[in-house]
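Being a predicted model, the structure only gives us computed values, none of them experimental. Here is how names work: the chains are called A, B, and so on, in the same order as the sequence lines, proteins then strands, and each is numbered from 1. Side-chain atoms are counted along with the backbone in the values below, which use heavy atoms only and exclude waters and symmetry mates.
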Amino acid sequence: MDLTQIDRYEFRVERRGAMRVPGVVFASRALLSDAGQSLEQVRNVATLPGIVEASYAMPDVHWGYGFPIGGVAATDPAQGGVVSPGGVGFDISCGVRLLAADLTAQELAPVLGRLMDALDPAVPRGMTRGGVWTPHDRDELRRILTDGSRHALERGHGEQRDLDRCEDGGAVDGADPGQVGERALERGLHQVGSLGSGNHFLEVQRVAEVYDAPVATAFGLHPGQVCVMIHCGSRGLGHQICGDQVRRMEQTMRQYGIQVPDRQLACAPVDSPAGQDYLAAMAAAANYGRVNRHMLAEAARRVFAEVTGARLDLVYDISHNLAKLEEHEVDGVPRWLCVHRKGATRALPPGHPDLPPDLRATGQPVLIPGTMGTASYVLTGVPGGRAFHSTCHGAGRVQSRHQAARSVSGRQLRDRLEAQGIAVRPSSWRGLAEEHPGAYKDVAAVVEAGEGAGLCRSVARLVPLGVVKG
DNA sequence: ATGTCC
């Protein structure tokens with residue numbers, strides 16, 4: 001691999017062959033050695049029609065479907081730029097919601113076990129069918145897809161701040177349920193308000209350290225405070241939409257005269273029927289994902305109110321699997337671009353017009369879910385942010401699920417975590433073992449590289465008190 | 001990630 005070190009946390013993948021732009025990897029040397037074959041995917045993405053600046057990789061980059069997870073690529077629709085479902089991922093709008101309690105960890109300690117026992121049955125997850133909210137009929141599901149959290153609020157779920165503190169005000173524009181296939185709708189009907197499995201979780205956390213007190217205060221966070229972090233996506237609906245759209249684009253690519261080095265990079269011009277239909281279906285899945293997290297938050301609120309009397313206020317909700325049409329300056333010239341972020345988080349800088357007014361001065365909250373035994377981070381966007389204002393999204397796997405499950409048993413892991421004072425409510429022993437902390441990169445090293453590369457700034461570190469595992 | 005293969 002032709003890698004040139006530009007800076008301590010920046011490497012360039014030199015242009016060659018069909019690459020239209022270079023690759024840029026933001027990582028330390030140690031993290032780079034974990035990136036493995038995913039750098040070949042960074043190269044492949046650089047060949048996409050209309051790609052601008054570079055094919056970027058975040059510090060937690062690893063192998064994914066077509067695009068690497070931890071990849072950022074922007075294309076210019078005016079220059080034949082494409083949109084690719086593989087650049088968003090199968091779990092469309094997978095993301096993180098963080099809520100802050102008016103409660104300290106010290107106050108929670110005596111009732112933590114009772115709280116976890118109450119959350120356990122209140123959070124649907126794993127293989128079981130059903131979510132916390134079954135839409136009345138398909139028309140109501142379509143309203144969820146079109147209006148996202150705005151519809152949930154209209155139906156009496158949640159509060160105004162849940163929209164104000166959610167990316168895009170709780171709903172992405174341009175969603176068209178007409179582009180969502182029959183099977184996707186069927187799968188979506190019974191999963192609103194459910195975690196799923198894999199690395200998805202609902203955690204009760206403690207603010208262990210604050211690195212930037214004024215920004216933390218603006219976000220609504222202070223040391224010792226109890227928080228709830230929810231990490232999940234758009235479940236079977238998003239998965240079905242991605243699969244349906246990839247299949248269609250494999251067909252249409254030929255008629256648009258597009259050639260890609262990997263068929264998993266199936267794509268279509270943004271300004272084509274196939275491209276526009278994908279974006280409309282993707283937006284519908286994005287709204288489903290927000291409502292999913294919105295409803296799980298409501299379930300957590302109810303349990304917290306019953307057991308502790310505490311309130312849960314939304315800090316922020318942000319997706320790390322999404323494509324968006326955004327304005328960015330390229331060589332000093334503003335252009336509208338289709339920015340793919342897959343396992344990468346938007347990180348708007350202070351002063352950005354898309355921020356809610358009360359966060360305008362501080363920058364956008366960036367939520368980084370860690371692994372069970374370690375920590376999660378709250379970051380913020382910085383002026384002059386790189387990679388179209390993007391940063392990392394999590395720790396990133398280093399062990400396969402199979403390897404992980406072989407290295408520890410679920411019961412052993414539960415005992416180990418409980419000995420550390422972390423209460424665990426798994427949905428399956430196998431699923432728990434697959435997610436043991438050693439299966440992931442060191443999230444602290446990922447955050448350090450992101451900050452060192454000028455992608456973001458640390459605001460707070462959160463540590464788990466209790467884990468409800470998907 | 002995913003009713004881990006329609």
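Among the atoms of the strands shown, none is found under 4.0 Å from any heavy atom of A:R129. Among the atoms of the strands shown, only primed sugar atoms or phosphate atoms (P, OP1, OP2) are found under 4.0 Å from some heavy atom of A:G196. Residue-level contact check: A:G198 touches the backbone only, with heavy atoms under 4.0 Å from sugar-phosphate atoms and none from bases. Counting any heavy atom pair closer than 4.0 Å across all strands shown, A:E186 reaches no nucleic acid atom.
The nearest whole Å value for the distance from the CD atom in A:Q264 to the C1' atom in B:dT2 is 15 Å. Here the P atom of nucleotide B:dT2 and the CD atom of A:Q240 are 13 Å apart, to the nearest Å. Rounding to whole angstrom units, CZ of residue A:R183 and C1' of B:dC5 are separated by 11 Å. What separates CG of A:D91 from C1' of B:dT2 is a distance of 8 Å, to the nearest Å. Rounded to an integer number of Å, the gap from NE2 of A:H190 to P of B:dT2 is 17 Å. Distance NE2 (A:H239) to P (B:dT4): 9 Å, rounded to an integer number of Å. Note: CD (A:E434) to P (B:dT4) measures 14 Å, nearest angstrom. What separates CZ of A:R247 from P of B:dC6 is a distance of 9 Å, to the nearest Å.
Using a 4.0 Å cut-off, no side-chain N or O of A:R401 falls inside it from OP1 or OP2 of B:dT4. Not one side-chain nitrogen or oxygen of A:S197 sits closer than 4.0 Å to the OP1 or OP2 atom of B:dT4.
Among A:D162, A:D317, A:D168, the single residue meeting the side-chain hydrogen bond (donor to acceptor under 3.5 Å, both in side chains) criterion with A:R290 is A:D168.
Side-chain contact of A:Q191 with A:Y288: a donor-acceptor pair under 3.5 Å is absent, judged by distance alone.
Under the 6.0 Å cut-off for aromatic ring centres, A:H151 and A:H157 do not qualify, their centroids lying 6.0 Å or more apart.
When each of A:M127 and A:R397 is assigned the nucleotide of DNA chain B with its nearest heavy atom, A:R397 is the one assigned upstream, toward the 5' end.
For A:L221, the side-chain contact (heavy atoms from CB on, under 4.5 Å) partners are A:L98, A:A100, A:V207, A:A216, A:F219, A:Q225, A:C227, A:V315, A:V378, not counting sequence neighbours.
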Quick one: side chains of residues 62-71 of chain A, donor-acceptor pairs under 3.5 Å with protein atoms, not counting sequence neighbours, listed by atom name and distance.
residue, atom, partner, partner atom, Å
A:H62, ND1, A:D60, O, 3.0

